Amino acid sequence: MDRIDTRGMSCPQPVLMTKKAIDLNPESIDIMVDNNTAKNNVSRFLKNAGYSYEVKEVEEDYLICASK
Amino acid sequence: MESKKGIIFTGAIVGVIAVLLVKFGNPANMGFCIACFIRDIAGGLGMHRAGVVQYLRPEIMGLVLGAFIMALGKREFNSRGGSSPFIRFTLGIIVMIGALMFLGCPLRMVLRLAGGDLNAIVGIVGFAAGIGLGIFFLNKGFSLKRSYKLSKTEGFAFPIINVFLLALLISAPAFIFFSEKGPGKMHAPIMIALVAGLIVGALAQRTRLCMVGGIRDLILFKDTYLILGFISIFVFALIGNFALGYFKVGFIDQPVAHADALWNFLGMVLCGWGSVLLGGCPMRQLILSAEGNTDSVITVMGMFVGAAICHNFGLASSPKGPTPNGQIAVIACFVIVGLIGYFNSEMSSIESKVKGDVKIG
């Protein structure tokens with residue numbers, strides 16, 4: 001399973017990193033984000049790209065688990 | 001508020017409030033202008049001595065404190081920083097030089113268009129071109145690297161400074177400069193301007209309203225969320241300007257604007273390009289500053305110093321047009337942004353790898 005860590009990255013890099021990973025067309029992917037804005041942006045992008053996702057809170061960060 | 005309705009509503013409120021602020025005394029088409037207002041504050045604090053643009057604009061303090069309170073309430077306040085601070089500072093200066101060439105930040109650009117100032121169309125074309133340049137670098141892996149969690153006090157410092165600025169405005173000690181004529185003299189009453197800022201700051205924090213983000217996300221991800229805010233501001237400010245009889249269409253004799261198309265264009269190319277590399281427009285930087293993002297605080301400080309540089313060295317345009325010094329500065333800034341973009345993207349690392357290979361070979 002692919003996993004990317006976007007913590008600490010400023011807008012729009014979390015989405016760009018997700019986009020880059022998605023371009024390889026993975027079945028599933030985990031994305032770590034550390035703020036609400038990035039969580040919402042990445043989630044919206046995943047939805048538009050046809051992935052379903054689930055957000056888990058991991059301490060102060062969020063783990064977005066997406067799959068086709 | 002993360003809905004399309006939310007961002008359209010926010011845009012509507014910003015557009016209407018901007019027009020009302022003009023009604024209450026702000027300069028025409030300048031209900032809000034982050035670049036102009038930071039420039040006025042720099043003048044009010046004596047960082048530059050351009051007598052017509054000195055005032056401690058409470059809209060700015062309102063924006064910051066509104067966003068700060070909202071971020072605290074929604075538990076989105078996070079002290080962080082350390083993502084290339086000095087480059088961000090430099091880009092802050094550059095964005096200000098571009099904005100003061102055009103005479104307005106991206107928000108005022110939209111408000112100018114809504115007031116019938118057609119020079120803003122040239123500005124928007126330049127702004128979009130600058131965003132395109134920025135996206136080119138983003139696609140080449142441009143990054144200012146990650147930020148880190150910091151102590152709470154680090155993030156609180158900037159909102160607290162804004163409380164001090166408000167205190168200085170209200171107490172008006174002799175060492176604060178207040179314009180006696182020109183745009184700096186024109187301002188809405190303090191309480192009205194402050195409340196306007198608080199409302200817009202709170203809404204912008206919830207919706208992430210960003211002028212540069214609108215066009216950027218549309219091109220980069222085909223995402224229309226932020227551009228809806230941009231369009232909504234325009235539409236509602238336009239309606240407001242019609243309703244109050246402020247709409248005056250044309251290129252010539254527009255308020256606090258000049259009609260030099262080339263330099264209006266180039267100023268906004270620079271502003272858009274720099275803003276994309278920073279990750280948000282000047283207004284967004286203020287909102288992020290209020291959320292504890294000290295990288296954005298550094299950027300705002302860059303804009304503050306940039307405003308002083310612009311007026312101390314005669315770089316800022318006036319209604320008479322751009323200055324030769326300003327033109328040289330804008331060109332120099334293009335070179336600097338290009339270098340910043342190149343050396344912080346994967347282009348430079350590929351280059352050095354190739355060079356390394358040659359050496360080995």
Side-chain angles (χ1 to χ4, degrees), chain A, chain B residues 1-4 6 71 74-78 80-84 88 131 134-135 137-150 205-208 210 212-213 216-226 275-281 284-285 287-288 291-293 295-296 299 346:
Chain A
M1 186 186 290
D2 287 334
R3 185 172 185 136
I4 50 176
D5 186 354
T6 71
R7 287 176 295 178
M9 292 307 203
S10 64
C11 187
Q13 285 198 46
V15 185
L16 265 179
M17 290 163 78
T18 306
K19 182 171 185 268
K20 214 171 170 183
I22 293 269
D23 284 345
L24 300 171
N25 212 10
E27 276 302 313
S28 65
I29 183 166
D30 285 358
I31 302 136
M32 282 295 277
V33 301
D34 65 353
N35 66 80
N36 229 345
T37 304
K39 182 191 79 182
N40 293 333
N41 289 347
V42 169
S43 301
R44 197 170 59 245
F45 179 77
L46 286 167
K47 200 173 133 194
N48 292 341
Y51 280 76
S52 56
Y53 61 88
E54 200 185 331
V55 183
K56 295 174 194 162
E57 281 195 41
V58 184
E59 289 168 18
E60 291 178 1
D61 305 318
Y62 302 95
L63 179 66
I64 305 173
C65 305
S67 57
K68 275 199 170 175
Chain B
M1 290 293 268
E2 271 286 334
S3 64
K4 289 190 172 175
K74 292 284 177 182
R75 299 181 56 195
E76 288 187 345
F77 183 89
N78 270 315
R80 53 190 322 123
S83 160
S84 310
R88 287 183 190 271
I131 290 171
I135 288 174
F137 283 91
L138 286 180
N139 282 331
K140 293 281 180 192
F142 175 84
S143 170
L144 291 176
K145 301 291 176 274
R146 66 161 299 174
S147 62
Y148 300 87
K149 288 189 169 42
L150 299 172
Q205 196 280 331
R206 292 314 303 144
T207 56
R208 305 182 294 102
C210 175
V212 74
R216 180 198 65 205
D217 289 357
L218 187 67
I219 300 175
L220 204 50
F221 310 123
K222 302 195 173 45
D223 180 349
T224 55
Y225 174 74
L226 287 174
S275 294
V276 169
L277 299 190
L278 284 165
C281 72
R284 181 74 186 144
Q285 298 299 332
I287 303 297
L288 287 170
E291 294 178 9
N293 184 330
D295 290 321
S296 289
T299 306
E346 284 157 8

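In what follows, every chain begins at residue 1, and chains take the letters A, B, ... in the order their sequences are listed. Not measured: the values here are computed from a predicted model.
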Check each atom of [X] against the heavy atoms of chain A and say whether the ones under 4.5 Å are side chain, backbone, both or neither.
X	result
B/S83	neither
B/N293	neither
B/R216	side chain
B/K149	side chain

Interatomic distance, [X] atom [atom1] to [Y] atom [atom2] [nearest 0.5 angstrom]:
X	Y	atom1	atom2	result
A/N36	B/E76	CG	CD	4.0 Å
B/L288	A/T37	CG	OG1	7.5 Å
B/L226	A/N41	CG	CG	7.5 Å
B/F221	A/N48	CZ	CG	11.0 Å

What parts of residues 11-20 of chain A touch chain B if we use heavy atoms and a cut-off under 4.5 Å? A/C11, A/P12, A/Q13, A/V15, A/L16, A/K19, A/K20
What residues of residues 57-68 of chain A sit under 4.5 Å from chain B when you count only heavy atoms?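 Expected list: A/E60, A/D61.
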Does B/R80 form a side-chain contact (heavy atoms from CB on, under 4.5 Å) with A/N35? I'd like the steps, not just the answer. CA-CA 11 Å; B/R80 53 190 322 123; A/N35 66 80; 5.6 Å; no
